[in-house]
Structure formats: structure tokens, C-alpha cells
Amino acid sequence: MVSIVLPDGTIRSYDGPVSGNDIARDIGPGWTKAALALCVDGTVKDLATVVTRDAAVRLVTAKDSDALALLRHDAAHVMAEAVQELYPETQVTFGPATERGFYYDFARKTPFTPDDLERIEARMRDIVDRDEPIRREVWRREEAIAYFTGRGEKYKAEWVTQLPEGEDISIYRQGQWLDLCRGPHLPSTGRLGKAFRLMKLAGAYWRGDARNEMLQRIYGTCWPDEAQLKAYLNWMEEAERRDHRRLGREMELFHLQEEAVGSVFWHPKGWTLYRTIETYVRRRLAAAGYVEVKTPQLVDRSLWEDSGHWEKFRENMFTVTVGDGKEKEEILAIKPMNCPCHVQIFRQGIKSYRELPLRMAEFGACHRYEPSGALHGLMRVRAFTQDDAHIFCTEEQILSETQDFCILLRIMYHDFGFTDVRVKFSDRPVKRAGSDETWDKAEKALLEASRAAGLEITLNPGEGAFYGPKLEFVLKDALGRDWQCGTLQADFVLPERLNAAYVGVDGAKHRPVMLHRAILGSFERFIGILLEHYAGRMPLWLAPVQIVVATIVSEADSYAEDVTRALCTADLRAVVDTRNEKITLKVREHSLAKVPLLLVVGRREAETRTVALRRLGVKTQEILALDAAVDTLGREAAMPAPG
RNA sequence: GCCGAAGUAGCUCAGGGGUAGAGCAACUGAUUCGUAAUCAGUAGGUCCGGGGUUCAAAUCCCCGCUUCGGCACCA
């Protein structure tokens with residue numbers, strides 16, 4: 001006797017074991033067609049799975065969110081089948097579902113070409129039309145190894161060898177083709193549908209390890225229906241339109257060029273944006289009790305040796321050699337980070353516990369020799385400036401400092417228009433400095449502090465910095481993409497290595513704890529994120545040019561100049577456009593330039609000392625008296641301020 | 001760094017051994033106009049760099065650089 005509970009609460013009883021297919025048939029004819037898989041006690045399984053004991057059971061259909069992964073995983077298999085039919089010399093390796101599609105990694109001597117992608121996609125459609133039944137089999141380990149070795153599938157054979165004892169070696173067979181796979185899968189290839197598209201070719205290391213050989217990865221996307229596929233492709237196009245590199249050029253914000261790879265040439269408008277953000281951060285930090293410092297760009301190698309960075313990151317540091325090339329030669333590093341320098345400031349004079357917590361901020365310009373393949377517009381550069389700070393405090397103060405930091409961080413993200421923030425907790429990495437006891441202490445302190453700050457945390461094992469565990473703050477942009485920006489790292493190691501100390505209540509010397517923290521991360525990258533988030537249409541307070549005063553006839557020129565002067569006097573960033581052009585052209589150009597406010601003045605406005613206000617994206621106008629306009633817009637454009 | 005692709009006017013792109021092309025932008029002139037493109041004209045090039053093959057190379061070959069898409073890395 002087997003009883004199953006369906007999601008609506010109904011209970012069905014069967015004489016003996018029952019398969020998902022049976023259940024579907026039993027519930028109703030529509031379900032035989034709709035059911036893609038079976039969810040037994042919360043785990044998704046093949047529809048053919050036999051339920052042998054009482055369980056909560058749900059039939060998965062295309063409408064369910066867990067169907068998507070199933071669909072995509074199948075798409076990967078169908079792609080692999082297509083590839084091996086077309087190119088039999090190709091070895092298969094792995095092909096999982098991803099957040100927006102799927103990929104499969106292949107081993108093949110000749111690279112795939114974009115033309116191959118078309119052929120493969122066409123063959124995939126054939127395989128869907130064939131509607132091959134997909135069946136799960138369990139093989140013995142030796143059998144599987146012998147089979148894959150015999151077929152020249154060395155990656156699969158290697159993988160089987162390393163599967164843990166006791167785990168089923170499951171093989172999924174579809175038509176003539178089969179693959180080692182954990183599953184689950186759809187009942188047949190026809191159920192996949194045709195809302196998929198192969199997207200791009202890429203290289204990828206076997207098992208994600210750069211020491212291994214490189215495989216060829218084919219990425220695809222796959223959806224339950226054509227409409228969703230179309231929506232995804234539109235989303236991709238939107239992301240392309242918002243690309244900060246494109247906006248940076250179109251909006252004349254910055255450029256990059258070969259002679260300074262990974263370093264930004266900020267143009268006047270881009271630099272205005274940058275400085276606005278800097279001013280904002282500076283005010284927020286000052287209000288939160290930070291002091292600001294500035295430390296050297298070039299620092300002798302010995303300091304980096306002491307801090308431990310030389311050992312771990314030497315390859316990624318820019319260095320400068322000075323001296324006669326013989327005995328007197330010395331090596332300086334262009335600073336890749338600010339923390340060792342901040343400790344030097346802390347070490348000046350004797351610090352008392354009364355001075356803690358000491359929050360030391362720096363808009364520190366850093367250089368890192370990032371691998372060439374990592375560079376990407378403003379998002380990954382070799383020269384950047386962090387909104388960096390180090391909080392020197394006692395162990396007891398970690399709690400309240402973390403709480404305060406989280407509050408500050410949320411306010412600042414909110415001011416920039418980001419409200420969805422997630423937090424990751426990264427604990428000790430394999431390569432690290434400091435004893436296990438120290439790590440125990442640091443991880444415990446940071447965990448407790450984040451709990452006290454009310455954070456919901458996801459664990460990110462082994463991803464901490466070499467000197468301490470970290471909290472990482474990830475924000476979601478308007479397109480739903482994640483960007484890791486903020487960080488808070490608890491460090492018990494650097495103060496020790498660089499010999500930072502304070503005198504406690506007991507009159508004895510103690511080690512302070514250092515909290516490394518940043519909110520934006522780097523200005524460069526954060527500006528890139530902002531541009532993509534807003535598609536270049538910056539909020540008024542951030543817009544490099546906030547207002548253009550545009551004339552209709554040249555008779556209004558001198559009045560337009562007056563208007564512009566009045567706006568600038570009120571600290572608004574305004575420019576005047578008195579070109580001899582039609583107003584339609586001016587409206588078009590300044591709209592395309594994403595200027596938030598346009599003040600149009602013609603004879604009427606000049607005579608009545610008014611302005612016709614047109615907001616970006618709005619087709620209507622408001623007529624305002626000049627004084628009122630300066631007043632309202634001045635208030636509207638104000639930087640979000642502390643207090 | 002690794003795999004793959006690309007680099008021609010400011011931008012988007014065509015041209016694939018025989019005189020370097022288009023659209024938009026720019027510039028000049030005319031036009032004084034009421035909310036997303038006024039008209040006419042002009043100018044603009046180390047075809048990424050360096051070698052080679054050839055009577056002749058933007059085009060074919062080799063090397064390098066940069067960029068793009070991924071992978072790996074990210075204090």
C-alpha cells in the first residue's frame with residue numbers, strides 16, 4: 001500500500017509502487033501531456049520514477065519554476081547529442097543548466113565556428129522532432145569505465161572513477177546516444193520544445209582548473225516558450241544598449257586607449273560625475289565619524305613583505321626600481337591597496353583605548369596588474385580608486401562597528417537607487433595567514449556582528465581574504481544583475497604583522513582589530529554600474545549636466561545667458577545652447593545626451609522672465625517664473641545629505 | 001594568463017590582390033524657426049603595428065599589440 005499526498009491535499013492510495021506516469025494518467029488525461037517530472041518530498045526526479053513508499057508528490061509542469069532547470073539541462077544533452085552526431089571525434093564532458101540557459105563543454109581538436117553553431121542548432125531541432133524517449137539506467141562502475149574508455153571518452157571515464165562509493169552511476173539514454181548524468185531529465189526529447197538558441201562559443205578549463213586543458217564551451221539559452229525566449233533576447237539587447245562603455249563614449253564621459261591599458265581617461269563630464277560621487281561619499285563618511293587621510297603611491301617593498309602582500313600578490317603588483325642597478329638598487333611598489341599605509345599612520349605616537357574606534361578613510365588610488373583577459377571597461381581596470389577605510393577597534397567594538405557600517409551602507413546604496421542588497425559571508429581560504437585560533441575568533445566575531453546587524457547571510461565557503469573573513473554586499477541593478485560592491489573584512493592578522501598596538505584600560509599593550517571596509521568598492525566600477533543601472537539617465541543630483549537652457553530665437557540669447565547664470569549661481573550644473581538651430585533639433589540632441597532638464601526660452605519667456613521646463617522623457621512643458629524655477633530645481637537637484 | 005573572434009573616417013559598417021567607400025557625426029554657408037533630425041556645400045584615412053610573399057597588399061602569410069565573448073584570477 002502506497003499513499004501519496006498531492007499539493008492540493010488530496011491523498012491517493014495505490015496497491016503497490018507507482019510511477020509518476022501512472023500518477024499523471026490517474027489524475028487526468030491533461031496531466032499525461034503536461035507532466036515533465038515528478039517532485040517527491042521536495043526532490044525533482046524523472047517522471048518514470050517509481051514511488052515505493054508514502055510521500056508528498058507533485059507533478060512538475062512547464063509552468064513550475066523547477067521545470068526551467070530541467071528543460072535547460074535537457075537542452076544541454078540534446079546539444080551534446082547533436083554535436084556528436086555531426087562531429088563524432090568530439091568528446092563530451094559536462095553540460096549543466098545555468099541561470100539563463102545552459103552550456104556544454106566539449107573536447108575537440110578543431111575549434112567550433114559560428115557556422116557550426118547553426119548546424120548544431122538545426123540538428124538539435126531534428127532531435128526534438130525525433131522525440132527520442134529518455135531513459136535512466138544504473139550501471140556498475142567498471143562497466144561504465146570500460147564503456148567510456150572504449151569510446152575514447154577519457155573525461156567521462158575519469159569522472160566515473162572519481163564518483164564517490166555508493167553513489168548510483170546513472171546513465172541517461174536518448175535514441176542512439178547516452179551520457180553519464182545525475183539527472184533528472186524530461187521523458188523525451190520532444191518535450192524540450194524549440195524555444196532555445198545557441199548563443200556563443202568560449203573556452204573553459206576542464207573542471208574549472210587553469211592547470212587543466214582547455215575545452216570548448218557552447219553556450220545556449222532555453223525557455224519554456226517562444227515568447228519567453230524573445231523576452232530574454234530583448235533583455236540581452238537592452239543590456240547591450242546600456243553597456244557603460246558605449247554610454248561612456250556617447251555621453252562623453254571617459255575613454256580608454258592602448259597606451260594606458262586598464263586606466264581611465266576621464267573627460268570633463270565624466271570627471272564631474274566622479275567628483276559629485278566623491279563629494280557625496282566624503283560627506284557621508286565625515287558624518288559617520290571617519291577621518292580622511294592620504295598615503296603614498298610608492299612604498300618600499302619591505303612594507304609589502306611585512307604585510308604579507310609581497311608573498312601572495314607580487315606578480316600582480318606594479319614595481320619601480322630605483323638606484324644604480326648595483327648595490328644601491330631598491331624596489332618600490334605602486335600601492336595595490338591602502339591598509340599597510342593606514343597602519344603606519346596608526347602607529348605614529350602611542351594610541352590609547354580612548355581613541356578607538358579610529359575610522360580612517362582614504363580615497364586611495366591603487367594600481368594592480370590585473371591579468372589581461374580580466375580587463376573590462378570600467379568594471380575591471382588596473383588603476384582605480386577605492387572608497388576605502390580601516391576601522392581600528394577592540395574586539396568588543398566589532399559588533400557595534402559592523403552594525404553602524406551596515407546602516408551607513410544601506411543609506412548610501414539607497415541614495416544611489418539600489419534597494420535590493422544581499423550579503424555573503426566568506427570564511428577562511430586554503431592559503432591564509434594567521435593561526436586557526438585567530439581565524440576561529442575572527443569568523444565568530446564577524447558572524448555574531450552580522451547577526452546583530454540583522455543581516456540575512458548566504459555562506460561563501462573558502463572565499464575570504466588571506467588575512468580574514470569577509471562580508472560581501474551584492475546589489476541588484478535595474479536589469480536584475482548582481483554586482484558585488486561593498487565589503488567588510490575582520491582582520492586580526494595585519495595589526496600583528498605590522499605591529500599596531502594601543503594601550504588598554506589596564507595600562508598594557510593590546511592589538512587592535514582592523515575592519516577593512518568599502519561601500520562602492522572602486523569609483524570606476526561603481527560609475528560603470530550606475531551607468532548601466534540608469535541606462536545613462538542619471539538622477540538629477542548625479543547628472544554631469546543637469547540643465548540645458550535652449551533658445552528658440554537669437555533675440556532670447558541674452559535672457560538665456562541670464563537664466564544660466566542664475567542657475568549656476570544656485571550651484572546647478574547648467575549650460576546654455578544659443579546655437580542657431582531649430583528647437584526641435586536642440587530638444588532631440590539634449591534628450592539623446594540624457595540631460596535631465598531642458599529650459600526652453602523664446603520671445604515669450606524673455607518678455608515675461610519665465611522658462612518652459614521640459615523633463616527628460618516627458619513630452620509636456622511647465623511654464624515657471626525664473627526665480628521659482630531656480631528655487632525648485634535647486635532643491636530638487638540637491639545631493640542627498642547626512643542628517 | 002588560456003581558448004576563440006575582431007581591428008578600415010569621430011561612430012556604425014561595406015570593400016577580400018590593381019586609384020579607399022556609405023550613412024550618421026564634424027566643419028562652412030544660408031535659414032530666426034515654439035518642444036525628438038532645415039537646406040546646401042566642404043573636409044576627413046599610417047585600412048592596429050612590424051616583417052614577409054608579389055610587378056602590385058586594406059586584401060595572402062608570419063610575429064606582436066589592443067579590443068570583444070568566455071574561462072581562470074580578483075588583497
Side-chain angles (χ1 to χ4, degrees), chain A residues 103 105 110-114 199-219 243 245-246 249-250 252 255-262 304 307-317 335-340 366 368-377 379-380 382 384 386 388 429 431-433 463-468 470 484 487 489 491 493-494 516 521-522 525 550-557 578-593 598-605 612-621:
Chain A
Y103 65 79
D105 289 346
T110 2
F112 289 112
T113 66
M199 304 294 285
K200 55 197 172 193
L201 290 158
Y205 297 107
W206 167 236
R207 311 185 80 159
D209 190 329
R211 288 167 300 191
N212 290 341
E213 55 272 64
M214 183 151 276
L215 307 169
Q216 294 188 62
R217 177 171 295 181
I218 303 180
Y219 279 96
D243 190 311
R245 293 165 297 190
R246 175 197 190 125
R249 185 178 59 237
E250 289 173 358
E252 303 176 291
H255 85 271
L256 298 153
Q257 70 183 52
E258 293 193 29
E259 288 79 0
V261 173
W304 307 106
S307 71
H309 290 98
W310 191 261
E311 192 196 340
K312 193 157 191 307
F313 291 108
R314 198 245 159 295
E315 297 304 312
N316 302 302
M317 285 160 80
K335 71 172 169 185
M337 55 181 345
N338 308 300
C339 30
C366 297
R368 294 179 186 173
Y369 188 77
E370 301 287 2
S372 56
L375 300 174
H376 179 92
M379 301 301 190
R380 192 80 180 268
R382 287 183 176 154
F384 57 93
Q386 296 169 302
D388 195 16
K431 280 184 76 179
R432 57 179 182 262
E463 297 295 320
F466 76 91
Y467 49 70
K470 40 181 182 179
Q484 187 183 309
T487 182
Q489 306 168 8
D491 181 3
V493 174
L494 258 193
H516 304 243
S522 97
R525 182 161 173 278
T551 53
I552 297 173
V553 290
S554 49
E555 281 169 63
D557 285 3
T578 53
R579 287 175 306 163
N580 176 12
E581 296 290 354
K582 291 175 80 162
I583 193 61
T584 49
L585 184 92
K586 295 186 184 181
V587 168
R588 176 181 157 80
E589 288 190 349
H590 299 302
S591 300
L592 288 174
L598 193 59
L599 294 184
V600 175
V601 296
R603 280 195 198 89
R604 284 206 296 270
E605 288 77 13
L613 169 65
R614 179 185 168 123
R615 292 170 189 275
L616 183 59
V618 177
K619 293 215 184 332
T620 55
Q621 313 151 41

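In what follows, every chain begins at residue 1, and chains take the letters A, B, ... in the order their sequences are listed.
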Original post:
Are side-chain N/O atoms of A:Glu311 and A:His309 paired as donor and acceptor at under 3.5 Å?
Top reply: no

Subject >> Pairing partner of B:C11 (Watson-Crick or G-U wobble, both distances under 3.5 Å) >> reply: B:G23

Subject >> Whole-Å P distance, B:G50 and B:U59 >> reply: 12 Å

**OP:** Would you kindly check whether a donor in the side chain of A:Thr584 faces an acceptor in the base of B:U35, or vice versa, at under 3.5 angstrom?
**Re:** no

**OP:** Provide the distance between the two P atoms, one in B:G45 and one in B:C63, to the nearest whole Å.
**Re:** 32 Å

Original post:
Rounded to whole angstrom units, what separation is found between the CD atom of A:Gln216 and the C1' atom of B:A5?
Top reply: 13 Å

Original post:
Could you state the interatomic distance from OG1 (A:Thr620) to CZ (A:Arg614), rounded to the nearest 0.5 Å?
Top reply: 8.5 Å

Subject >> Name of the residue among A:Arg211, A:Arg217, A:Met214 meeting side-chain contact (heavy atoms from CB on, under 4.5 Å) with A:Tyr205 >> reply: A:Met214

Original post:
Counting just side-chain N and O atoms, does A:Arg614 come under 4.0 Å of either OP1 or OP2 of B:A36?
Top reply: yes

**OP:** Could you let me know what B:U54 is paired to, Watson-Crick or G-U wobble, both distances under 3.5 Å, or none if it's on its own?
**Re:** none

Subject >> Atom-to-atom span, CG of A:Asn212 to P of B:C3 - whole angstrom >> reply: 14 Å

Original post:
Hey, does the side-chain of A:Glu605 have a donor or acceptor N/O within less than 3.5 Å of a partner on the base of B:G34?
Top reply: yes

Subject >> Closest non-hydrogen atom pair, A:Trp304 against A:Met317 >> reply: CG-CE, 3.6 Å

Subject >> Nearest non-hydrogen partners of A:Glu370 and A:Arg382, listed with the distance >> reply: O-NH2, 2.8 Å

**OP:** Please state how far atom NZ in A:Lys582 lies from atom P in B:C33, giving the value in whole angstrom units.
**Re:** 11 Å

Original post:
In Watson-Crick or G-U wobble terms, both distances under 3.5 Å, what is the partner of B:A6?
Top reply: B:U66

Subject >> Touch class at under 4.0 angstrom, heavy-atom based, for A:Leu215 against every strand present >> reply: nothing

**OP:** Please state how far atom CD in A:Glu258 lies from atom C1' in B:G50, giving the value in whole angstrom units.
**Re:** 13 Å

Subject >> C1' spacing across the pair B:A14 / B:C61, given as an integer number of angstrom >> reply: 25 Å

Original post:
What nucleic acid atoms does A:Leu585 come within less than 4.0 Å of, heavy atoms only: base, sugar-phosphate, or nothing?
Top reply: sugar-phosphate

Subject >> Cationic N near anionic O, under 4.0 Å, A:Arg207 to A:Asp209 >> reply: no

Original post:
How close do A:Lys431 and A:Lys312 get, heavy atom to heavy atom, and via which atoms?
Top reply: O-CE, 4.1 Å

Subject >> Heavy-atom protein contacts under 4.0 Å, nucleotides 67-75 of chain B, coded B base, S sugar-phosphate only, - none >> reply: SSBBBBBBB

Original post:
Does any donor atom in the side chain of A:Glu589 or A:Ser591 lie under 3.5 Å from an acceptor atom in the other side chain?
Top reply: no

Subject >> B:G10 and B:A37, which share atom name P, separated by this distance in whole Å >> reply: 27 Å

Original post:
Which is true for A:Glu581 with a 4.0 Å heavy-atom rule: it touches a base, it touches only sugar-phosphate, or it touches nothing?
Top reply: base

**OP:** Determine the contact category for A:Ala612: base if any of its heavy atoms lies under 4.0 Å from a base atom, sugar-phosphate if only primed atoms, P, OP1 or OP2 are that close, otherwise nothing.
**Re:** base

**OP:** Mind calculating the distance between CD (A:Gln621) and C1' (B:A36) to the nearest angstrom?
**Re:** 13 Å

Original post:
Using purine N1 to pyrimidine N3 plus N6-O4 or O6-N4 for Watson-Crick, or N1-O2 and O6-N3 for G-U wobble, each under 3.5 Å, what pairs with B:G1?
Top reply: B:C71

Subject >> Who pairs with B:U38 - Watson-Crick or G-U, where each distance is under 3.5 Å >> reply: B:A30

**OP:** Provide the distance between the two C1' atoms, one in B:U54 and one in B:U67, to the nearest whole Å.
**Re:** 31 Å

**OP:** Please report the shortest heavy-atom distance between A:Glu605 and A:Ala612, naming the atom on each side.
**Re:** OE2-CB, 3.9 Å

Original post:
Closest nucleotide of RNA chain B for A:Arg249 versus for A:Leu592: which of these residues is on the 5' side?
Top reply: A:Arg249

Subject >> Rounded distance (Å) that lies between atom P of B:C2 and atom CZ of A:Arg211 >> reply: 17 Å

**OP:** Using whole Å, report how far CZ of A:Arg579 lies from P of B:G29.
**Re:** 15 Å

Original post:
Can you tell me how far C1' in B:A56 sits from the matching atom in B:C39, rounded to whole Å?
Top reply: 44 Å

Subject >> Chi-based syn or anti call at B:G16, which uses purine or pyrimidine torsion atoms and a 90° bound >> reply: syn

Original post:
How far, in whole Å, is B:G4 from B:U19 if one measures between their P atoms?
Top reply: 35 Å

Original post:
For B:G17, what is the paired nucleotide under Watson-Crick or G-U wobble rules, both distances under 3.5 Å?
Top reply: none

**OP:** Using the C1' atoms only, state how far B:G49 lies from B:C65, rounded to an integer number of Å.
**Re:** 7 Å

Subject >> A:Tyr467 six-ring centre to A:Arg432 NZ/CZ under 6.0 Å and within 45° of normal >> reply: no

**OP:** Could you tell me which nucleotide pairs with B:G44 by Watson-Crick or G-U wobble geometry, both distances under 3.5 Å, or answer none if nothing does?
**Re:** none

Original post:
A:Leu598 CG to B:U35 C1': how many Å, rounded?
Top reply: 8 Å

